[in-house]
Number of protein chains: 2
Amino acid sequence: MSLKHILLGMLAEPRSGYDLKKEFDKSLRNFWHAELSQIYPQLQKLEDEGLLTSKQKISSEGPPRREYRRSAKGRRELLKWLRAGPQMGKDRMSYLAQVYFLPEFDDPEESVAFMQELRDEVAKRLATLEQIEKEWQACDPRYPDELPDDEFHAQLTLALGLKRLTATLDWCDESIARMQVRTTASKRMKRA
Amino acid sequence: MSLKHILLGMLAEPRSGYDLKKEFDKSLRNFWHAELSQIYPQLQKLEDEGLLTSKQKISSEGPPRREYRRSAKGRRELLKWLRAGPQMGKDRMSYLAQVYFLPEFDDPEESVAFMQELRDEVAKRLATLEQIEKEWQACDPRYPDELPDDEFHAQLTLALGLKRLTATLDWCDESIARMQVRTTASKRMKRA
DNA sequence: TCGACCATGTAACTAGTTACATGATTCG
DNA sequence: CGAATCATGTAACTAGTTACATGGTCGA
């Protein structure tokens, strides 16, 4: 039940469901994703459990918003989650399953084309993270190791994203090269 | 809907639900996981859709088993999935969310301890994959680039697992070092 | 006034997990 | 005879996605 704890983590300061969604898309996008239709009911549930409190705020600009903030009990629940140690689930990577079954094509060119598409997508995602890093670095001279604690930890998560995508991109390039060597090798066999 | 297509991919040869589960745990563990309680109903559904056929096999040794094999329609569905291009979902990494909220501890030692636990788990998983690679290499002189097509592609998925875990392990070590430098730096500040 | 964005939600569905139920065969 | 493994499933639950409904405010 990670969404629960992630919301508790984000709600040290009061935020609305809508704010939380934006924070997912901005700061947590690298490792978590949640829809509004999942966030709202979950907030309700957490309030029912007494892990957070809410206040309706009516402002002159914009529609009324409900602001949530975690309670002392909510913070204890968050710490309990952190103290339980790293939660490493088994990841599911559909695209690797696809790579595994690529021989079904029985066509090296189609297989290589798949890998090139994958490479492009990985490169795109890596470029996005690199852009984020570049801007952060340009805006804050404390980047990366003199940042305040919360931003330093956000930077750590960014650093892993960069490393993993870089490794994945390398792998794509190597794999394509290895596949091409096999293809030309088997062509030579046929000619002979 | 990836499980569907993964099952279709595996069922080029006839297999029982039980066999499929073992194959998940052995060959696909690096990128996919499925329980028997998910596999059996899914097989039933695919049979209803005409994507695979089944035969009850009664053998002298062991209880009766139902063997599934994909139909021509099933193979077309598999190819359709592969041709749709790489399916890269947004991964959810709970442990990175935990790293993000580590400052809640307000205790550098507890944070570092968390990272060390994470490091150990990553090292353990990496060791498992390295062991698999080592044995494979020892048993088959064709490893890795002269293997038959299906095994070559399985090796590609193993190679990505190795690269990603290696990158993650590096990141753990770097992160721990960076956290420790910050801790000693802030201790010096307090003494002054 | 129209489209973009702010803001909150519900309903129906799909996917995946955990717990349970059942029974056969094999090996020590 | 008992434990491990083979083998197939169901039921209840949790998590997440997609589609839809509603209405306010702001700027071009």
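Hydrogens, waters and symmetry mates are skipped; everything else that's a heavy atom, side chains included, is used. The sequence lines fix the lettering, A, B, ..., with proteins before strands; numbering per chain opens at 1. The structure presented is a predicted model; accordingly, all values stated were derived computationally and were not measured.
- Annotation: of the two residues near DNA chain C, A:G17 and B:H33, the 5′-most nearest-nucleotide partner is A:G17.
- Heavy-atom minimum distance, B:R70 versus B:L52: CA-CB, 3.7 Å.
- Spacing between atom CD1 of B:I58 and atom C1' of C:dT25 amounts to 15 Å, rounded to whole angstrom units.
- A distance of 11.5 Å separates CD in B:E135 from OH in B:Y143, rounded to the nearest 0.5 Å.
- For B:R65 and D:dA7, the shortest distance from a side-chain N or O to OP1 or OP2 is below 4.0 Å.
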Could you list, one pair per line, each protein nitrogen or oxygen that sits under 3.5 Å from a nitrogen or oxygen of nucleotides 20-23 of chain D, together with the distance?
none

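- Put simply, CD on A:E35 is 22 Å from P on D:dT14, counting in whole angstrom units.
- Side-chain atoms of B:P41 lie closest to D:dT10 of the nucleotides D:dT8, C:dT17, D:dT10.
- In this structure, A:K73 contributes its side chain and A:E49 its backbone to a donor-acceptor pair below 3.5 Å.
- Of the charged side-chain nitrogens involved, none lies within less than 4.0 Å of a carboxylate oxygen, so that B:D145 and A:R182 do not count as a salt-bridged pair.
- The base of D:dT18 sits with one of its N or O atoms less than 3.5 Å from a complementary donor or acceptor on the side chain of A:S37.
- Side-chain nitrogen and oxygen atoms of B:S16 include at least one within less than 4.0 Å of the OP1 or OP2 phosphate oxygen of D:dT8.
- Per the geometry, NZ belonging to B:K22 stands 8 Å off C1' belonging to D:dC6, to the nearest Å.
- Here the P atom of nucleotide D:dG16 and the CD atom of A:Q42 are 8 Å apart, to the nearest Å.
- Between D:dA15 and B:R92, no contact under 4.0 Å exists linking OP1 or OP2 to a side-chain N or O.
- As rounded to whole Å, 14 Å separates atom C1' of C:dG16 from atom CG of B:L36.
- Aromatic ring centres of A:Y100 and B:F31 lie closer together than 6.0 Å.
- The backbone N or O of A:L51 sits less than 3.5 Å from a side-chain atom of A:S71, completing a donor-acceptor pair.
- Comparing B:Q38 and A:S2 against DNA chain D, the residue whose closest nucleotide sits nearer the 5' end is B:Q38.
- Rounded to whole Å, the distance from NZ on A:K90 to P on C:dT18 is 6 Å.
- Going from atom CZ of A:R66 over to atom P of D:dG24 covers 18 Å, rounded to whole Å.
- Following rounding to the nearest Å, B:R15 (CZ) and D:dA7 (P) show an atom-to-atom distance of 13 Å.
- Of the charged side-chain nitrogens involved, none lies within less than 4.0 Å of a carboxylate oxygen, so that A:R15 and A:E13 do not count as a salt-bridged pair.
- Taking every side-chain heavy atom of A:Y40 into account, C:dA7 is the closest of C:dG16, C:dA7, D:dT8.
- When distances run from any side-chain atom of A:Y68 to the nucleotides C:dG9, D:dG16, C:dG16, the shortest one goes to C:dG9.
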